[in-house]
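This report concerns only the one structure given below.
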Amino acid sequence: MHTIIKPRRGLAQLDLAEVWQYRELLGFLAWRDIVIRYKQTTIGVLWAFIRPFLTMVIFTVVFGRIAKLPSEGVPYAVFSFTALLPWQFFSTAFAEAANSIVGNGHMISKIYFPRLILPLSSVAVGIIDFLISFVILIFIMIGYHTPVSARAAALPLFFLLCVVFTMGLGIFFASLYVRFRDMRHLIPFLTQFGMYVSPVIFSSTKIPAKWRLLYSLNPMVAVIDGFRWSLLGTTELYVPGIVAGTITSIVLLVVGLFYFKKTERVFADVM
Amino acid sequence: MSEAVNAQGIGKIYRLGEQAAAYSLLRERIAQAVKAPFGRGEPPPRVEEFWALKDVSFTIGASEVVGLIGKNGAGKSTLLKILSRITEPTEGRIDLYGRVSSLLEVGIGFHPELSGRDNIYLNGAILGMSRQEIRRKFDEIADFAEISKFLDTPVKRYSSGMYVRLAFAVAAHLEPDILIVDEVLAVGDSAFQQKCLGKMRDIRSKGRTVIVVSHSMSTVSALCQKVLWIDAGRVRMAGETSKVISSYLSEGAKREISWSPRTHYPLPLNYDTVFISRGDTGESIDPIPGDVPVDIILDFTVSEPLSPSRIEVRVASDSGEILFSSTSADHLPEQNHEWTLGSHRFRCRIPPNLLVPGVYLVSISEPRGAYAVVHDSVLSFTVSEENSLFARDARAGRIAPLLEWTMQRL
């Protein structure tokens, strides 16, 4: 094995092969975060069910019963939960990934490993949480007798889009956070604000047609529409929106990766 | 002999205040954009630059054990961080041949909530071991740490000694071709330290290359064939251990009259600062005239209940020979004293007119429960010829005590 250490210049190398070599560490870090999160709590892993479930109950009461927001003809609980599922994955995984470098500053300044492992392991934790809350969705859908069609097979694709978007934005903000500590205030604001901009509590069909493509530049629109389309099948799929969201996500991931690799060389120096 | 490490022209620039600049950068960029949206705006604030390392070149042969010595702030840690790939050099190039592991601290990534078993796996993975490798060495690690009975206990319930031993055990079972170590061996009771040193010799006998940074000349002498002396960011001298150490010591390069440990282990007693001061004026100054008492001041914090014990101070000549040692409980019949939580100061006074002019090295021990850790030669002070009995007429002897003489008519 031959390692060369020298200053990197110009466009950064992605070194994704090295990240792959360290995949076990990624797994260990994700596992550590999950174990620790539930270790000190009395009801442990139940929290993974309670949080999305209670959010859904509150939304159903406030937006479904009181505000009487339309829900594409399905029970509001099902309507909101299909959106909450990808949204909660995005908001937690994004916030955790964005915080992953600063939060593990001690490790960064004491040992080498591909830094990308940190935001990636945060996203991995999010995926596991997502799978847990997915079980609730299944129960809710059974409870409301929601029929499932073959379109459900497309669901993993929409989730993949959601993961790509979350990774891109998370990786980008993780390196921004190292340089600009203002992110500590900006990140929670973004995830809160973002929920009202994305069609979580309402249907994206309510957006005027001429604005819809522009609106779909937010990849969460495509993700949520895709979730509702494949699970509920109440509306037609707005294809230009899916394309727009996919392009945004991929561009963001590429930009995020390169920005991260370009700035990671100073992580240990400014930590 | 084949090469393991080849470093050519390594330099590293640090920007003082870079962090402060980074914090304000966003605000300033926004302000600039508002002020001059199309112009280039004002240049960003100037930050002061300094070269932590400059023109550092050296080669290390395969299976050589090399010591890195130098004063605090000379650039040893920066060099170590560059070799470990934690930070990038500003210029130069290093070629490393073989699998590299670095140990700048033990127990990185340890989590108090996780059991000893889980932490072995986690820490091993962070140090670059594969799951299989850890599983294969697991029993050996647990035996080495002497914690086999407590494997499923969260490490937050471990005693400080157990915690440190476990952290070491994982690190000691790495099998890299090139191992980079930072002074971490200075922890543990003396039996455990011996075990660690034995492990280091093992590593050496297996033909691995080791780069070790240490303040302890005795450790360096015992382990290393070659020494690299870093001074003010440059290689001052490189070569055979005894030669480099003797010029390093004779130059008094280690004259540091104040020491603050950089890393605090989760242990009951930690030193905050230890320094030398003049016994008459209380000034922290060097050299000290021969007729002035030398005070060794030890500021420390006790953060957990600690069983009765004591602090020991050793004073050695510049060649490393221990002249005497003294403990904080010498005046007590039980040889130990109680500790109370909080910050405290010990003053250990060396009487005037005792030491001959020259450079002295001070080692201090730190009680950690049932055992103590020795911080080797962390301080040094000079006794000057001023008002020294010894210098007055260049007399012979190793000490210069002012003895009581009486004369009576018989």
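Each chain gets a letter, A, B and so on, in the order its sequence line appears, and its residues count up from 1. Only heavy atoms go into these numbers, but all of them, side chains included; no hydrogens, no water, no symmetry mates.
No more than 12 heavy atoms of other residues, nucleotides or ligands shown are found within 6.0 angstrom of CZ on A:Phe53. The number of heavy atoms from other shown groups lying within 6.0 Å of CZ (A:Arg23) is above 12. Within a 6.0 Å sphere centred on NZ of A:Lys210, heavy atoms belonging to other residues, nucleotides or ligands number 12 at most.
Taking CZ of A:Arg32 as the start and CZ of B:Phe110 as the end, the distance is 12.5 Å to the nearest 0.5 Å. To the nearest 0.5 Å, atom CG of residue B:Leu104 and atom OH of residue A:Tyr112 are 15.0 Å apart. Rounded to the nearest 0.5 Å, atoms CD1 (B:Ile126) and NZ (A:Lys110) are 14.0 Å apart. The CG atom of B:Leu96 sits 9.5 Å away from atom CD1 of A:Ile4, with the distance rounded to the nearest 0.5 Å. Atom CZ of A:Phe28 sits about 10.5 Å away from atom CE of B:Met129, to the nearest 0.5 Å. Atom OG1 of A:Thr3 and atom CG of B:Leu83 lie 11.0 Å apart (nearest 0.5 Å).
For chain A, no part of B:Asp177 is nearby; none of its heavy atoms comes within less than 4.5 Å. At a 4.5 Å heavy-atom cutoff, the contact between B:Leu127 and chain A is made by backbone and side-chain atoms alike. Within the 4.5 angstrom heavy-atom criterion, atoms from both the backbone and the side chain of B:Ile82 approach chain A. Contact annotation for B:Ser101: neither backbone nor side-chain heavy atoms come within less than 4.5 Å of a heavy atom of chain A. With a 4.5 angstrom heavy-atom cutoff, A:Leu176 does not touch chain B via any of its atoms.
Side chain of B:Glu113 to backbone of A:Ile36: no donor-acceptor contact under 3.5 angstrom is found.
Per-residue counts of heavy-atom pairs under 4.5 Å with chain A were compared for B:Ala7, B:Pro154, B:Gly92; the largest is that of B:Gly92. When A:Glu264, A:Met107, A:Gln21 are compared by the number of non-hydrogen pairs under 4.5 Å with chain B, A:Met107 comes out ahead. Of the residues considered (B:Asp118, B:Thr90, B:Val100, B:Ile178), B:Asp118 shows the highest number of contacts with chain A, using heavy-atom pairs under 4.5 Å.
Shortest non-hydrogen contact noted between A:Pro7 and B:Glu88 is CA-OE1, 3.8 Å. Contact record, B:Thr87 with A:Asp269: OG1-OD1, 2.7 Å, taken as the closest heavy-atom pair.
Classification of B:Asp95 and A:Lys6 as a salt-bridged pair fails, no side-chain N sitting under 4.0 Å from a carboxylate O. Salt bridge present: B:Arg85 and A:Glu18 bring a charged side-chain N and a carboxylate O closer than 4.0 Å.
Using a 4.5 Å cut-off on side-chain heavy atoms (C-beta onward), B:Pro89 and A:Ile5 make contact.
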